[in-house]
Amino acid sequence: MTIRENCSLKDHNTFGMDVKSDRMVDWSTPDELKGILADLERPVLMMGGGSNLLFMSDFKGTVLHSSVTTIDILGITNDHVHVRVGSGVVWDDFVAWCAVNGYWGVENLSAIPGEVGASAVQNIGAYGVEAKDVIDTVQTICLADGSERDFINAECRYGYRQSIFKNELKGQYAVAYVIFTLSRKPEPRLGYGALEQEVERLGGPSLENIRQAVISIRDSKLPDPDVLGNAGSFFMNPVITEQDFNIIRSSYPDVPSYPAAGGLIKVPAGWLIEKTGWKGRSLGPAAVYEKQALVLVNKGGATGADIKRLADTIIEDVRQKFGITLSTEVNYI
Ligand code: EPU
C-alpha cells in the first residue's frame, strides 16, 4: 500500500487538470483496504484511471485507488471461462489478455481508457457491447464497515452507462474484483456501424482482427488523452420518446437513431451537437473535438470551469434547438 500526502492528480485524470488531493491511497488487497478504513480521512473519492472525471478544484479529502492487479481463472469448460479480475487492472490490458487467450466477449470494448473496477461501475460500452453483457459478479468492500459484499449482475441494476454503484449506492462500496463470464467459442458481434467492413478489410472475424478494427475506428474518431486532454464522450446519448423523436425527424429526416429499452429511442448526442454548429469550435481553451462532437477537449491549460462553461453552453444550445436536455457522462468533482 502507498499513501501520498498533498498528491498531484495531473497524471491521474485524462483531462490533464493540474489539481491536488490532500492524500492518495493505493491499496493492493482487500485486507489492506479493510485495515485503513477506520482511519481514512473523509470525504473519499474512489478513482480508477481518471478517464471519466472533471476536477473543478483540488480535492479536499482522500483519493482511494485500487492497485488490485491479479487475473485468476476460476473455472473453465469447453464453452466458457470464469475470470476474476482485480479492479486496478488496466481495462485494455484485460481485453488484450482475453484476445491472446481466445476468450470472447470484450473485444468490442478494446482501447477504452480506464480500469476494470470502473468498467463495472460505469457499465462501459462501445460497438454494440456493454460491460454488463459479460459481468457475472462484482466483489466489493463496504467503506462504512469493511464487510465484503458480492453483487450478482442482476443486483447491479445495469442500464445505459448506469449501475447501482453510480446511483443508490454511490460512493459506498469499493470494487475489489470483477468476475466475468467469457465465451471460448467465437461470438463475433459486428452489427455496429462500419465495424464489419473494417474487420473484413483486416481478413475476417478473428478475435485479434475485431480488436484491431475497433482500435483503428476509435483512433480515427477519438483523441488520444496523452496528446489532447479529454474524457471520451462528455455527454450521454439522450433517450427520448417516439413522439419527441418524430418531432425532430419532421425537421431533420436524416436524424440517426438506435432503439433503446422500453420502446424509447436513443439519439446520438454528437449529431445534436454537430447540428448546433459546435463541432470543432472553441470557447477559450476548451473545444469540441473536430472529428466527434461528443468529445470535449482541453486545448492546453483549461480549468474545470473552462470545460464546464463550454459544456453548459452546448447543453443550452441543444435545448433551445431540439428541446432535449443533455446529461453529462463525465462526473464533476
Ligand atoms: N454523429 C454525428 N456527429 C458527430 C458524432 C456522431 O453526426 O460528431 C452521429 C453519426 O450519425 C454517427 C452516430 O452519431 O453515426 C454515432 O456515432 P459513434 O458511432 O461515434 O457513437 P456515439 O453514439 O457518438 C457511443 C459511445 C462511445 C462509443 C461509441 C461506439 C456514448 C455516450 N458514447 O458514441 O463511447 O465509443 O458509441 O460504440 O454512448 C465513451 O463513452 O467515452 C465513448 C467514447
Side-chain angles (χ1 to χ4, degrees), residues 13-15 48-54 91-92 95 106-115 118-119 121-133 158-163 166 189-199 210-211 213-225 228-240 245 248-249 252-261 264-281 287-297 311 314-315 317-318 321-322 324 326-331:
N13 74 99
T14 58
F15 259 119
S51 54
N52 211 34
L53 304 175
L54 178 62
W91 172 262
D92 196 54
V95 178
V106 287
E107 59 283 357
N108 291 34
L109 305 178
S110 289
I112 294 183
E115 296 170 3
S119 75
V121 172
Q122 186 67 12
N123 186 25
I124 58 173
Y127 306 102
V129 174
E130 291 178 291
K132 75 169 173 60
D133 303 337
Y158 282 128
Y160 168 56
R161 299 293 197 275
Q162 295 298 339
S163 75
K166 279 183 76 176
R189 277 154 298 179
L190 305 176
Y192 190 97
L195 183 57
E196 181 155 27
Q197 217 178 327
E198 182 65 15
V199 166
I210 296 172
R211 175 167 164 73
V214 168
I215 290 172
S216 82
I217 294 172
R218 286 185 69 95
D219 281 352
S220 71
K221 286 191 176 182
L222 299 170
D224 177 352
L228 203 54
N230 77 90
S233 302
F234 196 92
F235 303 99
M236 288 192 268
N237 287 332
V239 175
I240 60 176
F245 178 71
I248 298 176
R249 196 166 50 179
Y252 300 91
D254 63 335
V255 55
S257 65
Y258 306 93
L264 297 170
I265 296 176
K266 197 189 272 184
V267 180
W271 182 88
L272 296 168
I273 296 168
E274 187 169 342
K275 288 289 171 208
T276 65
W278 270 108
K279 192 171 183 172
R281 271 177 59 199
V288 180
Y289 191 52
E290 76 255 13
K291 296 182 197 160
Q292 163 54 291
L294 198 47
V295 179
L296 304 190
V297 298
I314 290 171
I315 290 171
D317 286 1
V318 169
K321 195 171 180 74
F322 294 104
I324 293 175
L326 294 179
S327 307
T328 61
E329 178 175 342
V330 165
N331 298 303

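Given the structure is predicted, the values throughout are model-derived calculations rather than measurements. Both ligands and their constituent atoms are indexed starting at 1 by order of listing. In this chain, residues are counted from 1 in sequence order. Hydrogens, waters and symmetry mates are skipped; everything else that's a heavy atom, side chains included, is used.
- The proximity of Tyr258 to ligand 1, defined as any non-hydrogen pair under 4.0 Å, is limited to the side chain.
- Close approach of ligand 1 to Ala293 is summarised as follows: ligand atoms under 4.0 Å from at least one heavy atom of the residue are 4 (C), 8 (O).
- Atom 1 (N) of ligand 1 has as its closest protein heavy atom Trp271 N, 3.7 Å.
- Less than 4.0 angstrom separates some heavy atom of Gly232 from each of these atoms of ligand 1: 42 (O).
- In terms of protein heavy atoms, atom 5 (C) of ligand 1 is closest to Gln292 OE1, 2.8 Å.
- Looking only at protein heavy atoms, the nearest one to atom 40 (C) of ligand 1 is Ser233 OG, 3.0 Å.
- Across all their heavy atoms, Ala231 and Asn52 have their closest contact at O-OD1, 4.2 Å.
- In this structure, CD in Gln122 is found 13.5 Å from CD in Glu115, a value given to the nearest 0.5 Å.
- The shortest contact between atom 38 (O) of ligand 1 and any protein heavy atom is with Tyr127 N, 2.6 Å.
- For ligand 1 and Lys221, the ligand atoms under 4.0 Å from any heavy atom of the residue are 18 (P), 19 (O), 20 (O).
- With ligand atoms numbered from 1 in the order given, ligand 1 contributes 32 (C), 41 (O) to contacts under 4.0 Å with heavy atoms of Glu329.
- Protein heavy atom at the shortest distance from atom 34 (O) of ligand 1 is Leu294 CD2, 3.8 Å.
- Here the protein heavy atom with the shortest distance to atom 29 (C) of ligand 1 is Tyr192 OH, 4.1 Å.
- Note that the OG atom of Ser110 and the CH2 atom of Trp91 stand 9.5 Å from one another [nearest 0.5 Å].
- Of all the heavy atoms of Glu274, the ones lying under 4.0 Å from any atom of ligand 1 belong exclusively to the side chain.
- For the atom pair CG of Leu272 and CG of Asp317, the computed distance is 12.0 Å after rounding to the nearest 0.5 Å.
- Protein heavy atom nearest atom 23 (O) of ligand 1, with residue, atom name and distance: Asn237 ND2, 2.8 Å.
- For the ring pair (Phe, Tyr, Trp, His ring centres under 6.0 Å) test, residues two or more places apart in sequence or in another chain that qualify with Tyr252 are Trp271, Phe322.
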Full working for salt bridge (charged side-chain N to carboxylate O under 4.0 Å, His left out) between Asp92 and Arg211: CA-CA 10 Å; Asp92 196 54; Arg211 175 167 164 73; 2.8 Å; yes
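- At least one side-chain heavy atom of Ile324 sits under 4.5 Å from a side-chain heavy atom of Ile248.
- Under a 4.0 Å criterion applied to the non-hydrogen atoms of Lys279, ligand 1 contributes the atoms 3 (N), 4 (C), 8 (O).
- Counting non-hydrogen atoms of other residues, nucleotides and ligands closer than 6.0 Å to CD of Glu290 gives a total above 12.
- Arg161 NH2, 3.4 Å is the protein heavy atom nearest to atom 26 (C) of ligand 1.
- Applying the side-chain contact (heavy atoms from CB on, under 4.5 Å) test to Ile217 and every residue at least two apart in sequence or in another chain returns Tyr127, Leu195, Glu198.
- Side-chain atoms of Thr14 come within 3.5 Å of backbone N or O of Asn230 as a donor-acceptor pair.
- Proximity of Pro256 to ligand 1, defined as any heavy-atom pair under 4.0 Å, is confined to the side chain (atoms from C-beta onward).
- Taking any N or O of Lys291, backbone or side chain, none lies under 3.5 Å from an N or O belonging to ligand 1.
- Only the side chain of Tyr160 comes within 4.0 Å of ligand 1, counting heavy atoms alone; its backbone N, CA, C and O stay farther away.
- Numbered from 1 in the order shown, with element, the atoms of ligand 1 that lie under 4.0 Å from a heavy atom of Arg218 read 36 (O).
- The closest side-chain heavy-atom distance from Val318 to Pro238 is not below 4.5 Å.
- The shortest side-chain heavy-atom distance between Tyr192 and Asn108 does not fall under the 4.5 Å cut-off.
- Set against the non-hydrogen atoms of Phe235, the atoms of ligand 1 under 4.0 Å away are 32 (C).
- By the definition of a contact as any protein heavy atom under 4.0 Å away, atom 12 (C) of ligand 1 is not in contact.
- Across all non-hydrogen atoms, the minimal contact from Tyr258 to Pro268 is CE1-CG, 3.8 Å.
- For Lys275, the closest heavy-atom approach to ligand 1 does not fall below 4.0 Å.
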